[in-house]
Amino acid sequence: MSGFELIEGGASPIKAWTRGVPIEHQAMDQLRNVASLPFIHSHVAVMPDVHFGRGATVGSVIPTRGAIIPAAVGVDIGCGMMAVQTSLTANDLPDSLFALRREIERKVPVGNGPGGDFKESPASAVSTLKAGLAERLERILARHPKIRGDKLAKQLGTLGGGNHFIEICLDEADRVWVMLHSGSRGTGNLIGTYFISEAREMLMKRELGWHMPDRDLAFFLSGEPMFDDYVEAVGWAQDYAAANRRVMMDRVLIAMREALPPFQLGRTAVNCHHNYVEQETHFGETVWLTRKGAVRAGEGDLGIIPGSMGAKSFIVRGKGNADSFCSCSHGAGRTMSRAEAKRRFTLDDHVAATAHVECRKDSGVIDETPMAYKDIEAVMAAQADLVDIVHTLRQVVCVKG
DNA sequence: ATGTCC
């Protein structure tokens with residue numbers, strides 16, 4: 001059952017695609033706070049994977065007129081997904097996928113800390129930086145020296161940690177896909193952290209004629225120098241994140257060419273953000289649209305909705321639903337905090353839930369176990385009016401940081 | 001999410 005539920009009462013309404021999926025009361029309070037801001041354009045849209053998040057609710061779409069909320073975008077600026085189809089099928093994969101997983105881990109640094117960075121940047125990263133990314137960051141750093149750019153080159157093409165992953169998947173016709181999830185790494189994090197803190201300092205000096213419900217919703221206003229600087233920096237981090245995914249995909253494909261029979265890339269390749277802000281036109285007005293854990297689903301747009309480590313993932317095509325600001329969910333959505341998942345589930349539970357996947361099965365990934373996430377089928381059913389399913393993928397290898 | 005902690 002899809003379609004939105006209308007929640008009224010704030011300055012702006014909330015339209016929530018949450019039929020048949022739980023919505024935490026903590027997340028609801030957060031959404032009401034966002035909807036009370038005077039610069040919301042039309043309404044706030046809520047995706048079925050909604051859950052409480054730092055700054056703003058994960059799974060929300062926030063249109064702002066003449067203002068931008070850096071904490072709504074968050075620190076994982078440009079985080080998103082990339083997927084490519086290959087000409088390989090399940091029959092081309094070896095019985096044991098362990099060696100393939102190890103080969104990918106050799107080609108792509110994973111995890112946080114020094115081991116998660118390249119010792120030496122690969123050629124694809126160097127040429128990507130030379131094509132303009134490095135120079136653009138220098139211009140930003142010249143005005144904002146508190147942001148450090150020294151991780152730039154050694155992290156372009158690296159995975160990171162948390163819920164970031166690389167997967168080898170099979171679609172409904174047993175065709176092999178590569179899918180990965182990552183963002184703008186340390187540099188994007190520094191940019192986000194810096195501007196969030198600047199917005200907070202400015203908030204303390206503002207004289208508002210209205211009630212600010214949450215200091216995490218501190219904003220820049222169009223016309224302020226910081227507004228323009230944030231737009232430039234967040235745009236840079238989003239481009240860096242997309243480039244990070246492309247360089248990483250190149251590296252994964254190199255690993256696959258070493259471990260598997262020769263193959264070609266299929267027609268379908270998708271690279272989409274699900275944590276970002278950009279200008280878009282909705283209901284006749286050009287506004288700033290923040291998708292926090294949401295994917296653009298304009299008519300014909302391809303997107304990626306991954307399930308958890310053991311669940312299905314989906315390549316989707318947007319229907320251009322205006323009330324959702326042409327958006328869809330970015331995944332299944334957590335049902336519990338990482339801490340709660342670690343309390344609730346044992347390593348045996350996790351091993352049983354991921355029996356069909358070549359992946360890490362140690363206590364360090366219990367917070368990412370499938371049971372800590374919503375049922376992806378229910379999440380897809382709740383957004384049937386936002387996207388069509390083009391491909392259904394099941395993972396056979398999952399690499400995590 | 002993150003050179004994750006002042």
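Lettering of chains follows the sequences in order, A, B, ..., and the numbering in each one begins at 1. Remember, it's a predicted structure, so these values are computed and weren't measured experimentally.
- Per the geometry, CD1 belonging to Ile147(A) stands 16 Å off C1' belonging to dG3(B), to the nearest Å.
- Distance CG (Asp367(A)) to C1' (dT4(B)): 14 Å, rounded to an integer number of Å.
- Rounded to whole angstrom, the span from the CZ atom of Arg338(A) across to the C1' atom of dT4(B) amounts to 13 Å.
- In this structure, Asn112(A) places its CG atom 9 Å from C1' of dG3(B), rounding to the nearest Å.
- Here dG3(B) presents its P atom at 13 Å from CG of Leu152(A), a figure rounded to the nearest Å.
- Residues satisfying the side chain to side chain contact (heavy atoms under 4.5 Å, CB included) criterion with Asp349(A), sequence neighbours excluded, are Phe345(A), Thr346(A), Met371(A).
- Separating the CZ atom of Arg148(A) from the C1' atom of dT2(B) is a distance of 15 Å, rounded to the nearest angstrom.
- Applying a 4.0 Å cut-off to non-hydrogen atoms, the residues of residues 178-194 of chain A that approach DNA chain B are Arg185(A), Gly186(A), Asn189(A), Leu190(A), listed by residue number.
- The interatomic distance linking Ile196(A) (CD1) with dT2(B) (C1') rounds to 12 Å, in whole Å.
- A donor-acceptor distance shorter than 3.5 angstrom exists from the side chain of Ser182(A) to the backbone of Leu159(A), with no hydrogens or angles considered.
- The structure places NZ of Lys312(A) at 8.5 Å from CD1 of Ile389(A), a figure rounded to the nearest 0.5 Å.
- Under 4.0 angstrom from either OP1 or OP2 of dT2(B) there lies no side-chain N or O belonging to Gln155(A).
- With a 6.0 Å cutoff to the six-membered ring centre and a 45° limit on the axis angle, Arg65(A) does not count as a cation-pi contact of Phe39(A).
- Checked options His41(A), Glu285(A), Glu280(A); the residue passing with Pro63(A) is His41(A) (criterion: side-chain contact (heavy atoms from CB on, under 4.5 Å)).
- The pair Arg394(A)-Asp174(A) counts as a salt bridge, with a side-chain nitrogen and a carboxylate oxygen less than 4.0 angstrom apart.
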